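The structure appears below as structure tokens.
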Amino acid sequence: MDAPELVPHADRYVPDRPAVQVLAELHDVLRRRRSVREFSDRPVPRAVIEGLIRCATTAPSGANKQPWRFVVVGDPELKRRIRQAAEAEERTFYERRANDAWLADLAPLGTDADKPFLEIAPWLVVVFALYQDDDGGQVYYVKESVGLAAGMFLAAAQLAGLATLTHTPSPMGFLRELLGRPATEKPFLLVPVGYPADDCRVPAVASRRKPLEQVVVWDPQAR
Ligand code: IYR
């Protein structure tokens, strides 16, 4: 096979301050991200959502197949139908499917089957994973790729001062039906986007991140 065309990495980003300084500032923004379940109905311009999706779609993906679709819902009637279907799934989760350990882990979050935020948040962004490319071709590392894009979406929202929730009503198949997506697309994440309610509360627990020592293993040779 012919060698691929490679070009200089010309417009690469070079910060104008030392990396540790840039990272300290970025960390101070990211560490204040919380999963928000009490949203304001304050509108968010469509161009802002578009900007978030543009940021998300800069993520790397297997063979650059970009196996994601972002379905953006703002219509109150469609949000209502999504809420109804999600709450029906959640009721079976809380009443039957979750085992005791799972319910105990969720208790500090104070969650239950009621999901009013699905109607209150101005936008619901439903991220789908594509198991076939739009041209019918193969895709690779789909979950990894979509997960990376979703993470960048959340980070972008945080930088823009917006609140998000990574909501995964399970099973999520109803989203494919309600949103008219084909069988080759699988709902991955439902992300309400908006501003927190003025009196928004978040769990007191769950804000602490594990200390670095617990999550990092330094090679003893590392300098
Ligand atoms: N999907 C349910 C339960 C739930 C599960 C996990 I894991 C969470 O981190 C939070 C909630 C719900 O949304 O209530």
Side-chain angles (χ1 to χ4, degrees), residues 30-41 44 49 52 56 68-74 76 78-129 142-158 162-179 181 185-197 199-211 214-215:
L30 294 181
R31 71 175 179 79
R32 288 185 274 170
R33 186 198 55 77
R34 298 297 307 268
S35 290
V36 161
R37 294 181 176 83
E38 294 173 358
F39 280 83
S40 151
D41 62 1
V44 170
I49 302 301
L52 297 179
W68 42 63
R69 185 105 52 220
F70 295 80
V71 179
V72 186
V73 178
L78 189 49
K79 287 196 290 182
R80 195 184 62 77
R81 285 161 64 194
I82 290 173
R83 175 183 177 182
Q84 278 185 343
E87 287 181 339
E89 297 292 7
E90 297 292 12
R91 277 193 291 275
T92 69
F93 171 81
Y94 282 97
E95 285 164 20
R96 290 205 300 278
R97 289 207 320 275
N99 63 19
D100 289 346
W102 198 341
L103 291 175
D105 279 338
L106 292 181
L109 306 183
T111 54
D112 58 28
D114 286 343
K115 305 297 176 192
F117 53 78
L118 292 173
E119 280 191 88
I120 298 170
W123 299 102
L124 304 179
V125 178
V126 187
V127 187
F128 283 80
V142 172
K143 285 185 177 157
E144 293 84 347
S145 303
V146 183
L148 290 162
M152 297 181 77
F153 183 97
L154 299 182
Q158 176 66 8
L162 293 163
T164 54
L165 174 68
T166 48
H167 185 40
T168 52
S170 75
M172 292 201 283
F174 69 89
L175 289 167
R176 178 157 58 205
E177 283 157 43
L178 281 179
L179 301 173
R181 301 313 305 165
E185 299 186 10
K186 196 167 178 286
F188 182 78
L189 206 55
L190 195 179
V191 189
V193 183
Y195 290 97
D199 55 355
C200 174
R201 295 160 307 154
V202 292
V205 293
S207 65
R208 281 188 308 276
R209 269 77 188 195
K210 290 180 180 175
Q214 195 180 340
V215 300

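Here, residue 1 is the first one in the sequence, and each next residue gets the next number. Only a predicted model underlies this, so the values are computations on that prediction, with no experimental measurement involved. The figures that follow rest on heavy atoms only: side chains count, while hydrogens, waters and symmetry mates do not. Counting convention: from 1, in listed order, for ligands and their atoms alike.
Scored by the salt bridge (Lys or Arg N to Asp or Glu O under 4.0 Å) test, Glu87 finds Arg83 as partners (sequence neighbours excluded). With sequence neighbours excluded, no residue forms a salt bridge (Lys or Arg N to Asp or Glu O under 4.0 Å) with Arg33.
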Could you give the N/O to N/O pairs under 3.5 Å linking ligand 1 and the protein, each with its distance?
from: ligand 1; atom 1: 1 (N); to: Glu90; atom 2: OE1; distance (Å): 3.3
from: ligand 1; atom 1: 1 (N); to: Glu90; atom 2: OE2; distance (Å): 3.1
from: ligand 1; atom 1: 13 (O); to: Glu90; atom 2: OE2; distance (Å): 3.2
from: ligand 1; atom 1: 13 (O); to: Lys115; atom 2: NZ; distance (Å): 3.1
from: ligand 1; atom 1: 13 (O); to: His167; atom 2: ND1; distance (Å): 3.4
from: ligand 1; atom 1: 14 (O); to: Tyr94; atom 2: OH; distance (Å): 2.4
from: ligand 1; atom 1: 14 (O); to: Lys115; atom 2: NZ; distance (Å): 2.5

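Of the inter-residue distances, the one linking Phe188 atom CZ with Thr168 atom OG1 reads 10.0 Å to the nearest 0.5 angstrom.
When side chains are defined from C-beta on, Leu189 does not count as touching Val146, because their heavy atoms never get closer than 4.5 Å.
In summary, the aromatic rings of Trp102 and Phe93 are positioned with their centroids under 6.0 Å apart.
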Under 3.5 Å donor-acceptor pairs involving side-chain atoms of residues 106-115, not counting sequence neighbours:
from: Thr111; atom 1: OG1; to: Tyr94; atom 2: OH; distance (Å): 2.8
from: Asp112; atom 1: OD1; to: Asp114; atom 2: N; distance (Å): 2.9
from: Lys115; atom 1: NZ; to: Asp112; atom 2: O; distance (Å): 2.8

